[in-house]
Each structure stands twice: as structure tokens, then as C-alpha cells.
Colleague: 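What follows is a single structure, and I will ask about it in a moment.
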Amino acid sequence: MSQVRVRFAPSPTGMLHIGGARTALFNWLYARHTGGKFVLRIEDTDQARNTQEAVDVIFRGMRWLGLDWDEGPDGKGGTSGDRGPYFQSQRGDIYRRYLEKLKATGKTYEDGGALKFKMPKTPGVVKDLVCGEVTFDRTMEPDLVIQRKDGSPVFHFVNVVDDLEMGITHVIRGEDHLTNTHKHIALYEALGAAPPQFGHIPLILNRGGSKMSKRDEGAALGFYEEAGYLPAAVRNYLCLLGWSPGENQEILPVPDLIQRFDLPNINRSNARFDGDKLFWMNGEYWRTLTDAEFQKFADEYLRRTRPKVAQMDPDLLKRLLPLIREKVRTGREMAEWLDPYLGEEYEYSAEAKKKQLGAPEAGKWLEALSSALGAMGTGWDDSTIEGACKKVAEEAGAKPAKVIHLARAAVSGRTVGPSLFGLLTALGKERVLQRLERTRRQMAEGTLVTA
RNA sequence: GGCCCUAUCGUCUAGCUGGUUAGGACACGGCCCUCUCAAGGCCGGAGCACGGGUUCGAGCCCCGUUAGGGCUACCA
């Protein structure tokens, strides 16, 4: 048996569709599982949408997911592999050659300026690796246009020619192509070539239950990168749509995924995309990152989404991040939680003002807190701060929680945040006193800003 | 309309060649922990679409119905 060659052939639409990403992933897994080659081919025949930016989106998405390809454009202007070109827009000569070859068989004819392929009227049989044997009655099947009036070849034709020329052995693609496959097979046969094997994988459905379209929320892979998801989590989650590793396991490292993945155990029914579960899974990966991995991720994500971090005291950031990390599970949440510490002009949320800072005893308690914390000598740490806070509460005859929540609101402007004692420790005494003072001043002046 | 695919908790799924108290995960509810929020622990509700067969026995096999999805372009 010769070496497996699979391909992913996206068209540059300006986004990498989540379904396309999953198709790429399954192809990649199959190539790695079998020790075969994974080819990337760009179907850039639609001139209107074909821009460099749109092509770059594909490269970026593939790299982000960790799907490396053995042949195709390298994304840096170069190419690897010797079965190119890997852009359809550069394969015109090849298509013309095959068009001539097909014409020579006498199985084509001109109609209305277009070139048509005479579809055989015999039953079309597709032996699908996922769906089994599917037979199509073609007695009523119309002939297939393979070249438009303007001379350009159509998708079905170039797709077949490319797969043939590139020596693709297994075509793994979405089930939406299943009913077209017999046409492709007819083309292979007319060209005197053996068709590849096919495996049609179930579609990814949106919440409403229809094929995920580019207009659906979260349909673009880039959406998850922007939201600060971890590529490993997204990749792992995508694996579970239409396939299961079995043995009640869902979270698996890549080598296990590769080892267990195979075509016969792919599901036949479509799967709905469940953002909640992805979110949960991201949390699982989020928690198992090493400190170094998390730091790298946080640096890159924050630099991109919160340019203000550059102005921030790096030591403060370094102290804050671990505290925030354990309370959230995506980069976006992390960034939002960091907002109150990006500068001293932080805002107070409506809830913080209403529930905490607006309380009758708030001013009195904050004053007590300021003096208690201000009086602390050496040893500014979680436990000494806790002691001071509890003492303030005790003297005020209140539960510690009351004072703690008030302090959080004063110091961060929020009602939720990292554990208070850790937060105060991280902020440092001077900054904490300054923030308490700022809050008291604004309370006194009645100018607590909202936005 | 025609053709094709599919059908296990709300969702993703396990369930190999018929014998299971139908398993797991997300989500959800309750309790515990608790300074908010997460995390964690314990408990719980929730499913074989329906109807016929075949069989001693069907979630698994066959047929039908229903439902969902897809395809049916000189789009890709």
C-alpha cells in the first residue's frame, strides 16, 4: 500500500470556518496517524475575494491550531512539495491540459458556449469510508458543466484534477459533498484514473440545528483566538465533534489523539457546536498550563488586546496575573479582570457603588481600614492583611465578609475579583492606601465616576 | 419537489459481531467549602423518536412512518 496523502483545500474567504478547521484537523490527524502526507491547497479561483489577507487568515488559523502541513505554500511566500503549484489560480495550464484530455475521449460537448461532460447513466456507487456504500441512480442526472462560457473551469472539475495530480489517496471532507461525489468519480473514470478513497465527515451544526454558516456567532476560528482561548483546547474540543476516542475520555494530548484517530470510527450524524463545553474545556487546559506557558500566553494576549499593560509596573503585573488566572478561564476574562489595575484612574461599577460604596457605614469603615493598614509596619502579606481586616471588622461589630467586600469595591471598583488579601498584597501598601483615599475622597465629594 | 445521509439525556457521545440497573462529559438543580468569583467534593433530575417485524430475548438486525440535516449552480 502506497503512502497516504490527504489534503485540506480551503478557499480564502477572509475567515477560517470552524467546520473547515475541523476538516483540516481530521485530515491532519489521519496523515499523522498513518505516517502520510498532509497537503494544503488554496482554492483561490474566486478573484473577487482572493486577497493576500484572506490567504493569510488560513495560514494563521492552521498554525494557531498547530496543524503543520507537509506540502503547500509555506505562508511566507515560499512553497514546499513538488506537486505544485498549490494555488489553483496558478494551475490554469494544468486544467487546460486535462480539459483537452477529456475532450479527446469524446465524453464532452459544447452547449451554450459552455463545455459539458456527459454523465454516465449507470448507477453511481460511492464506497465511503465513513458512510459506507452509497448508490445514486443517474438515469435523470443532468450533464455536468466543466467549463464556463468564459473559459474558466468549474469547481468539480478542478477539484478532481488537483486531487489526481497531487496524488491524493484519501479525500476527507464535509458530508455536504457526499451527493456530488459520484460526479467526481465519473470524472476520474473518464480520465482513465482510479479515484481516491472518500470519507465524508458529519457537518457541524449551529445552535439552531442547521449547517454552521459564516454568519453564525463563533463560526470563525479567529473568534476563539480573539477571545483568548487556548488552541490546544479548541483543537481537543473539535476532535470530539463527530468522533470519540472512547473509554470515557475526552481530554487527550495530541499524541494520543493521533494514535486513536481513524476513519472507521467517525460518526455519521451531524453534531451541534456547544460553546459551553468548549468554554469548560478551555478551563481544563487553562489550569494545567505551566507557569511559563501561562506567562507566554498572557504576555502575547495582553500585548495584543490591552496595549496599556506596557505602561504598567511589570512587577505588579507579575504579582497580579497568578491571582487572576485562578479565577478565570479565558484570555479575555483575564484581560477584563486586569483592567482596574492598568492605571490608577480605575472606574467603579454600578454594582460596587450601589451595594458596597453606597452603604451608610462605608465611609467610616474605609477610614478605619486605611488607618489599620496604614499602621502596619513590616510584613505586608496575606496573613497580616487578613488580620488587620478582621480586626477592623471586629471593632466595627461587623462580619469580616462585609469589610472585605467593601475593601474590594474601594480598591478595584468591582464587586468580583481576586481573593482580597492576595490582591492587597500584590498591589502593595502604598497603592492600596492611595486607592482607599481616592475612593473616600470621591465618596465625600459625591463624584464617584461611573464611566 | 427529487435524491442522499442521519436518529441514545437539552448538547457532545460510549454502547464491538443482539442478553447493560443504558456508561461518561457539558449544561442544569441541591448540599458542602467559602471574602466575591472560580476551582474542588458529594448528591440529583434527565435519553434509546414512533410503529411494525425477526428472535427465547432488540438501543443494537429488517421494513415503514416521522423528524432533522445535506445536495440538487456556467458558487466553492
Colleague: With heavy atoms under 4.0 Å as the rule, sort G417(A) into base, sugar-phosphate or nothing.
Modeller: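 Base, at least one base atom sits under 4.0 Å.
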Colleague: Establish whether the base of C26(B) is bridged to the side chain of K277(A) by a donor-acceptor pair shorter than 3.5 Å.
Modeller: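 Under the 3.5 Å cut-off, the side chain and the base do not form any donor-acceptor pair.
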Colleague: Which nucleotide, in any strand shown, forms a Watson-Crick or G-U wobble pair with C50(B), with both distances under 3.5 Å?
Modeller: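 Paired with C50(B), as far as the under-3.5 Å criterion goes, is G64(B).
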Colleague: Calculate the interatomic distance between K327(A) atom NZ and C35(B) atom P; express it in whole Å.
Modeller: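 It is 11 Å, rounded to the nearest whole Å.
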Colleague: Could you give the distance separating C50(B) and G45(B) at their C1' atoms, to the nearest angstrom?
Modeller: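 It comes out at 25 Å once rounded to the nearest Å.
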Colleague: Categorize D143(A) for me: base, sugar-phosphate, or nothing, with a 4.0 angstrom heavy-atom threshold over every strand shown.
Modeller: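 Nothing: the residue D143(A), judged by heavy atoms under 4.0 Å, touches no strand.
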Colleague: Which part of the nucleic acid does L420(A) contact within heavy-atom distance under 4.0 Å: base, sugar-phosphate only, or nothing?
Modeller: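 Touches a base.
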Colleague: For atom C1', what is the distance between A27(B) and A46(B), given to the nearest Å?
Modeller: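 The answer is 11 Å between these two C1' atoms.
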Colleague: Select one nucleotide: of U13(B), U36(B), G69(B), the one nearest the side-chain heavy atoms of L203(A).
Modeller: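 Closest nucleotide to the L203(A) side chain: G69(B).
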Colleague: Taking for each residue the nucleotide of RNA chain B with the nearest heavy atom, is it V416(A) or F273(A) whose nucleotide lies nearer the 5' end?
Modeller: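 Residue closer to the 5' terminus by nearest nucleotide: F273(A).
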Colleague: Which one, C74(B), U13(B), C35(B), comes nearest to the side chain of F421(A)?
Modeller: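 Nearest to the side-chain atoms of F421(A), counting from C-beta on, is C35(B).
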Colleague: Hey, which of these two, H156(A) or E326(A), hits RNA chain B nearer its 5' end, going by closest nucleotide?
Modeller: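 Comparing both residues, the 5'-ward one is E326(A).
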Colleague: Across the strands shown, which category fits A401(A) at heavy-atom distances under 4.0 angstrom: base, sugar-phosphate, nothing?
Modeller: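 Sugar-phosphate, no base atom in range.
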Colleague: Report yes or no: is the cationic atom of R173(A) (NZ for Lys, CZ for Arg) closer than 6.0 Å to the six-membered ring centre of F26(A), at no more than 45° off its axis?
Modeller: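 No.
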Colleague: Closest approach to the side chain of L178(A), judged atom by atom: which nucleotide of A14(B), A76(B), C5(B) is it?
Modeller: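 From the listed options, C5(B) comes nearest.
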Colleague: Write down the distance separating the P atoms in C62(B) and C5(B), rounded off to the nearest Å.
Modeller: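 These two P atoms come out 13 Å apart once rounded.
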Colleague: Starting at atom CG of L278(A), determine the distance to atom P of A27(B), rounded to an integer number of angstrom.
Modeller: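 In whole Å, A27(B) P and L278(A) CG are 12 Å from each other.
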Colleague: Name the orientation class of the two ring planes belonging to Y301(A) and F297(A) (parallel below 30°, tilted from 30 to 60°, perpendicular beyond 60°).
Modeller: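 The arrangement is parallel - the two ring planes meet at less than 30°.
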Colleague: What interatomic distance, in whole Å, is found between C1' of C28(B) and the corresponding atom of C35(B)?
Modeller: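 That atom pair is separated by 27 Å.
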Colleague: Using a 4.0 Å heavy-atom cut-off, does S269(A) contact any base of the nucleic acid, only the sugar-phosphate backbone, or nothing at all?
Modeller: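 Sugar-phosphate contact only - S269(A) comes under 4.0 Å of backbone atoms but never of a base.
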Colleague: Let's test this: given Watson-Crick or G-U wobble pairing with both distances under 3.5 Å, identify the partner of A25(B).
Modeller: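 For A25(B), the partner nucleotide comes out as U11(B), under the 3.5 Å rule.
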Colleague: Considering only the P atoms, how many Å lie between G70(B) and G51(B), rounded to the nearest integer?
Modeller: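 Comparing P positions in G70(B) and G51(B) gives a spacing of 28 Å.
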Colleague: Taking only side-chain N and O atoms of N267(A), does any of them lie within less than 4.0 angstrom of OP1 or OP2 on A7(B)?
Modeller: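 No.
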Colleague: For G40(B), take OP1 and OP2 only and decide whether either is under 4.0 Å from a side-chain N or O of R287(A).
Modeller: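 The answer is yes; a side-chain N or O of R287(A) sits under 4.0 Å from OP1 or OP2.
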Colleague: Under 4.0 Å between any heavy atoms, over every strand shown, what does L241(A) touch: base, sugar-phosphate, or nothing? Just pick one.
Modeller: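 Counting heavy atoms under 4.0 Å across all strands, the contact made by L241(A) is with sugar-phosphate only.
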Colleague: To the nearest Å, give me how far apart CD1 (I18(A)) and P (C12(B)) are.
Modeller: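 So the CD1-P distance, I18(A) to C12(B), works out to 16 Å.
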Colleague: What is the distance from CZ of R272(A) to C1' of A67(B), rounded to the nearest Å?
Modeller: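 Taking atom C1' of A67(B) as the reference, CZ of R272(A) is at 12 Å.
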Colleague: Tell me every residue that passes side chain to side chain contact (heavy atoms under 4.5 Å, CB included) with R97(A), counting only those two or more places apart in sequence or in another chain.
Modeller: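 Once residues adjacent in sequence are excluded, the partners of R97(A) under the side chain to side chain contact (heavy atoms under 4.5 Å, CB included) criterion are I94(A), E165(A).
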Colleague: Mind checking what makes salt bridge (Lys or Arg N to Asp or Glu O under 4.0 Å) contact with K354(A), not counting sequence neighbours?
Modeller: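 For K354(A) there are no salt bridge (Lys or Arg N to Asp or Glu O under 4.0 Å) partners, ignoring immediate neighbours.
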Colleague: Please pick, from C37(B), U13(B), A27(B), the nucleotide with the shortest atom-to-atom distance to any side-chain atom of W337(A).
Modeller: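 Of the candidates, C37(B) comes closest.
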Colleague: Any side-chain N or O of K211(A) below 4.0 angstrom from OP1/OP2 of G68(B)?
Modeller: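 For K211(A), the contact criterion (side-chain N or O under 4.0 Å from OP1 or OP2 of G68(B)) is not met.
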Colleague: Record whether the side chain of N248(A) comes under 3.5 Å of the base of G23(B) through a donor-acceptor pair of N or O atoms.
Modeller: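 By the distance-only test, yes, there is a pair.
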Colleague: Looking for any heavy atom pair under 4.0 Å, which part of the strands does H200(A) touch: base, sugar-phosphate only, or nothing?
Modeller: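 Since no nucleic acid heavy atom lies under 4.0 Å of H200(A), the category is nothing.
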Colleague: Would you indicate which nucleotide in C3(B), C74(B), U36(B) comes nearest to any side-chain atom of F136(A)?
Modeller: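 Looking only at side-chain atoms, F136(A) lies closest to C3(B).
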Colleague: Does a side-chain N or O from R329(A) land closer than 4.0 Å to OP1 or OP2 of A39(B), or not?
Modeller: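 True: R329(A) side-chain N/O within range (under 4.0 Å) of A39(B) OP1/OP2.
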Colleague: Under the 3.5 angstrom rule, does the side chain of R91(A) hit a backbone N or O of P85(A) as a donor-acceptor pair?
Modeller: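 Yes, the answer is positive, given that a donor and an acceptor are paired below the 3.5 Å cut-off.
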Colleague: Consider the side chain of S210(A), meaning its heavy atoms from C-beta on, and name the nucleotide among U13(B), G40(B), G69(B) that approaches it most closely.
Modeller: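 For S210(A), the side-chain atoms sit closest to G69(B).
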Colleague: From the options R83(A), R41(A), R5(A), select the one residue that forms a side chain to side chain donor-acceptor pair (under 3.5 Å) with E71(A).
Modeller: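 That would be R5(A).
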Colleague: Restricting to non-hydrogen atoms, name the atom on T179(A) and the atom on H182(A) that form the minimum distance, rounded to 0.1 Å.
Modeller: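 That would be O-CD2, 3.3 Å.
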Colleague: Taking the side chain from W286(A) and the backbone from T330(A), do they hold a donor-acceptor pair closer than 3.5 Å?
Modeller: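 Here the side-chain-to-backbone pair does not exist.
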Colleague: State the pairing partner of G18(B); accept Watson-Crick or G-U wobble contacts with both distances under 3.5 Å, and report none otherwise.
Modeller: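 By the stated definition (distances under 3.5 Å), nothing pairs with G18(B).
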Colleague: So which nucleotide from C5(B), A76(B), C74(B) ends up closest to the side chain of K149(A)?
Modeller: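 Closest nucleotide to the K149(A) side chain: C74(B).
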Colleague: Which value, in whole Å, describes the distance between the P atoms of nucleotides A49(B) and C31(B)?
Modeller: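 Approximately 34 Å lies between the P atom of A49(B) and that of C31(B).
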Colleague: Around atom NZ of K364(A), are there more than 12 heavy atoms of other residues, nucleotides or ligands at under 6.0 Å?
Modeller: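 Count not over threshold, so no.
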Colleague: Does C3(B) have a Watson-Crick or wobble mate here (both distances under 3.5 Å), and if so which one?
Modeller: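 For C3(B), the partner nucleotide comes out as G70(B), under the 3.5 Å rule.
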Colleague: On a plain distance test, is the side chain of S419(A) in donor-acceptor contact with the base of C35(B) below 3.5 Å?
Modeller: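 Side chain to base: pair found, below 3.5 Å.
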Colleague: Base, sugar-phosphate, or nothing: which does T415(A) touch, judged by heavy atoms less than 4.0 Å apart?
Modeller: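 Result for T415(A) = base.
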Colleague: Across the strands shown, which category fits G174(A) at heavy-atom distances under 4.0 angstrom: base, sugar-phosphate, nothing?
Modeller: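 Contact class for G174(A): none.
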Colleague: Whole angstrom is fine here: how far is it from CG in N206(A) over to P in C12(B)?
Modeller: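 Value for this atom pair: 12 Å.
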Colleague: Using atom CD of E247(A) as one end and atom P of U13(B) as the other, report the distance to the nearest whole Å.
Modeller: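 The distance from CD of E247(A) to P of U13(B) comes to 18 Å, rounded to the nearest Å.
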Colleague: For the P atoms, the ones on G24(B) and on G47(B), what distance do you get once it is rounded to whole angstrom?
Modeller: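 Taking atom P in both G24(B) and G47(B), they lie 15 Å apart.
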Colleague: In terms of side-chain heavy atoms of D274(A), which of A76(B), C4(B), C26(B) is nearest?
Modeller: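 Minimum distance to the D274(A) side chain belongs to C26(B).
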Colleague: Between C35(B), C5(B), C71(B), spot the one nearest the side chain of I404(A), thanks.
Modeller: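 Taking heavy atoms from C-beta onward, the closest nucleotide is C35(B).
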Colleague: Counting only side-chain heavy atoms from C-beta out, which of C35(B), G69(B), U36(B) sits nearest to E175(A)?
Modeller: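 Nucleotide nearest to E175(A)'s side chain: G69(B).
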Colleague: Could you tell me how far apart R41(A) (CZ) and A76(B) (C1') are, to the nearest whole angstrom?
Modeller: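 One finds 12 Å between C1' of A76(B) and CZ of R41(A), rounded.
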Colleague: Could you tell me whether a side-chain N or O of N27(A) sits under 3.5 Å from a main-chain N or O of V6(A), the two making a donor and an acceptor?
Modeller: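 Checked: no pair found.
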Colleague: To the nearest angstrom, how far is H182(A) atom NE2 from U72(B) atom P?
Modeller: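 My rounded result for the distance is 10 Å.
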Colleague: Any donor-acceptor pair under 3.5 Å between the side chain of E250(A) and the base of G24(B)?
Modeller: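 Answer yes: a donor N or O sits under 3.5 Å from an acceptor.
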Colleague: Looking at every strand, decide which applies to P202(A) at a 4.0 Å heavy-atom threshold: base, sugar-phosphate, or nothing.
Modeller: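 If one applies the 4.0 Å heavy-atom cut-off, P202(A) turns out to touch nothing in the nucleic acid.
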Colleague: Is R408(A) side chain donor-acceptor paired with the C35(B) base, going by distance under 3.5 Å alone?
Modeller: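 Checked by distance alone, the answer is yes.
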Colleague: Please give the distance between the P atoms of G19(B) and C60(B) as a whole number of Å.
Modeller: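 About 11 Å, rounded to a whole number of Å.
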